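Just so it is clear, the structure is predicted and the values come from calculations on it, not from any experiment.
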Amino acid sequence: MSEQTLIDWPLAERVARGLAGTGTGKRSVRVADLRKATRGSVAAVHGYTGLEPRGRAPSTEVLDRGEWIEANTVSLKAVTAGIEEEIAESRRIPGPLGGGLRRAAGAAAGVELGLVSGYLAQRVLGQYDVALIGPARPARLLFVAPNLADARQRLDVEREPFLRWIALHEATHVVQFSSVPWLREHLSAIAQELMSGAFAQISLERLARSARSLITPDPRRLLAALREGDWLSPFVAEPQRALMESLQATMAVVEGYSEHVMDVIGAEIGPAYPELRARVDARREGRSTIDSIVSRILGLDQKMRQYRHGKAFCDEVVERRGIETLNRVWSEPEAMPSAAELAAPGEWIARVG
């Protein structure tokens, strides 16, 4: 760990890989099948929404869990780089005890990020990987083969419509970000401000205390810490309410719009679609207790609410006024619904005309 960093990234990646396992392997889903599923998806989204994507869509990449962890670590490093250097410098403690405290703090942060990354690596199906913080970089369209295979087996659905449906979700994100020039910058500005406020409250002492409870070879201790909520990250801080609500509302529209598009275009897949949607929704609701606990800790429950609330908003606006009116959310940042308008689409329609 260098003097300019705070987080022990090699430890984070080792923890993530150990927790995630390998699953059924990269060959459990054929690259040809996924490329077939994604082929034409961007055009289908454009055909329904009218949004005009700029440039070429990224090529389809099929990964195993380890490769997804590697890609996620690269993204996390880019997100935290600038702030991490500031924290490392401002929390520098002289003398031999200072170095030990920094190492313990970095290990604690590494273990926590590794746990998060490893947990997600078991569940992510597809991802449109775009840099929301830091310099822009080429976007990637990623699919995690063992998770797709496991999900399809649990849902007991046919391969082709399932992969096509997942591809539609990610293709909608491709269209959103490539056709709305201000979207990335808008999300980036909010996230950067929130992160700066959260990181500013970190203390090395608190990170070091976390290290003692997290760095353990005994998985039962980690499980107990998860169950009791004792491992809550030192990075968690009380954000500015208005900023958080703005970010959540925007992400609800981004995800809800994608869910709406999936349903409209997915209905054309064939008679298997309604059953596929019902089983996916049941899977989201039917999680185990430990899964629910971890999801709450990681904020994934909030993401599920974003799916539901955002989709309900988009569905109602389209039902009342059509997709052209819904597309006004992409006209400028000020056209995004507030948290209150998400629950009352009629108020948003009245405001935007």
Side-chain angles (χ1 to χ4, degrees), residues 37-58 126-132 136 139 141 164-191 243 245-269 273 277 302-353:
T38 56
R39 191 179 302 127
S41 293
V42 168
V45 173
H46 164 65
Y48 169 62
T49 65
L51 297 177
E52 188 68 52
R54 294 172 171 82
R56 296 184 62 180
Q127 178 184 8
Y128 178 59
D129 182 26
V130 60
L132 290 181
L141 186 56
R164 168 76 166 153
W165 192 58
I166 297 297
L168 278 171
H169 184 98
E170 303 310 326
T172 304
H173 289 327
V174 172
V175 173
Q176 288 168 330
F177 281 90
S178 64
S179 64
V180 183
W182 56 262
L183 182 58
R184 176 192 175 273
E185 287 75 12
H186 177 62
L187 289 170
S188 175
I190 299 174
L243 276 174
E245 286 186 351
S246 176
L247 180 63
Q248 290 175 344
T250 301
M251 289 308 301
V253 171
V254 169
E255 296 293 355
Y257 190 96
S258 188
E259 292 276 293
H260 168 81
V261 170
M262 287 167 71
D263 275 359
V264 172
I265 302 178
E268 301 172 3
I269 291 175
Y273 175 75
R277 162 58 85 176
Q302 177 62 43
K303 189 172 183 65
M304 290 300 103
R305 286 194 292 272
Q306 287 174 355
Y307 283 146
R308 292 194 299 270
H309 296 169
K311 182 177 183 300
F313 171 85
C314 294
D315 287 347
E316 185 168 338
V317 171
V318 171
E319 184 177 353
R320 289 189 185 193
R321 300 289 291 273
I323 187 66
E324 296 81 5
T325 296
L326 177 60
N327 279 343
R328 293 182 186 178
V329 297
W330 311 122
S331 60
E332 58 179 346
E334 290 72 22
M336 277 286 164
S338 65
E341 289 171 335
L342 271 178
E347 295 181 8
W348 177 82
I349 291 173
R351 177 167 69 85
V352 302

How far apart are the closest heavy atoms of [X] and [Y], and which atoms are they?
X	Y	value
P53	S178	CB-OG, 3.2 Å
V318	L326	CG2-CD2, 3.6 Å
T250	H186	OG1-NE2, 3.7 Å
S179	R54	O-NH1, 3.0 Å
R351	A335	NH2-O, 3.8 Å
A167	S41	CB-OG, 4.0 Å

Original post:
Got a sec, which pairs hit salt bridge (charged side-chain N to carboxylate O under 4.0 Å, His left out) with one end in residues 324-339, sequence neighbours left out?
Top reply: none
**OP:** Not counting sequence neighbours, list each pair that qualifies as a salt bridge (charged side-chain N to carboxylate O under 4.0 Å, His left out) and has a residue in residues 170-183.
**Re:**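 Passing the test, one end in residues 170-183: no pairs.
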Original post:
Do K311 and Y257 pass the side-chain contact (heavy atoms from CB on, under 4.5 Å) test, and can you show the C-alpha distance, the side-chain angles, and the key distance before you say yes or no?
Top reply: CA-CA 6 Å; K311 182 177 183 300; Y257 190 96; over 6 Å; no
Which value, rounded to the nearest 0.5 Å, describes the distance between [X] atom [atom1] and [Y] atom [atom2]?
X	Y	atom1	atom2	answer
W182	S188	CH2	OG	13.5 Å
S246	M251	OG	CE	12.0 Å
C314	N327	SG	CG	9.5 Å

**OP:** Scan H309, H260, R308, H173 and name whichever one has a side chain to side chain donor-acceptor pair (under 3.5 Å) with E255.
**Re:**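 That would be H173; it is the only one of H309, H260, R308, H173 passing the side chain to side chain donor-acceptor pair (under 3.5 Å) with E255.
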Subject >> Of V352, I349, L342, the residue whose pairing with P337 passes side chain to side chain contact (heavy atoms under 4.5 Å, CB included) >> reply: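 That would be L342.
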Original post:
Where do L168 and V261 land on the side-chain contact (heavy atoms from CB on, under 4.5 Å) test, with the steps shown first?
Top reply: CA-CA 8 Å; L168 278 171; V261 170; 5.7 Å; no
Subject >> F177/L187 under side-chain contact (heavy atoms from CB on, under 4.5 Å): CA gap, chis, key distance, verdict >> reply: CA-CA 11 Å; F177 281 90; L187 289 170; 3.9 Å; yes
Original post:
Heavy atoms, side chains only, cut-off 4.5 Å: are W330 and V253 in contact?
Top reply: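 Yes, at least one pair of side-chain atoms sits under 4.5 Å.
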Original post:
Run the side-chain contact (heavy atoms from CB on, under 4.5 Å) check on L51 and V45 step by step: do they pass?
Top reply: CA-CA 8 Å; L51 297 177; V45 173; over 6 Å; no
Would you confirm whether [X], through its side chain, and [Y], through its main-chain N or O, come within 3.5 Å as a donor-acceptor pair?
X	Y	result
S258	H169	yes
Q248	A339	no
R184	A131	yes

Original post:
Once the angle between the rings of W348 and F313 is folded into 0 to 90°, is it parallel (under 30°), tilted (30 to 60°) or perpendicular (over 60°)?
Top reply: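 If you compare the ring of W348 with that of F313, the planes turn out perpendicular.
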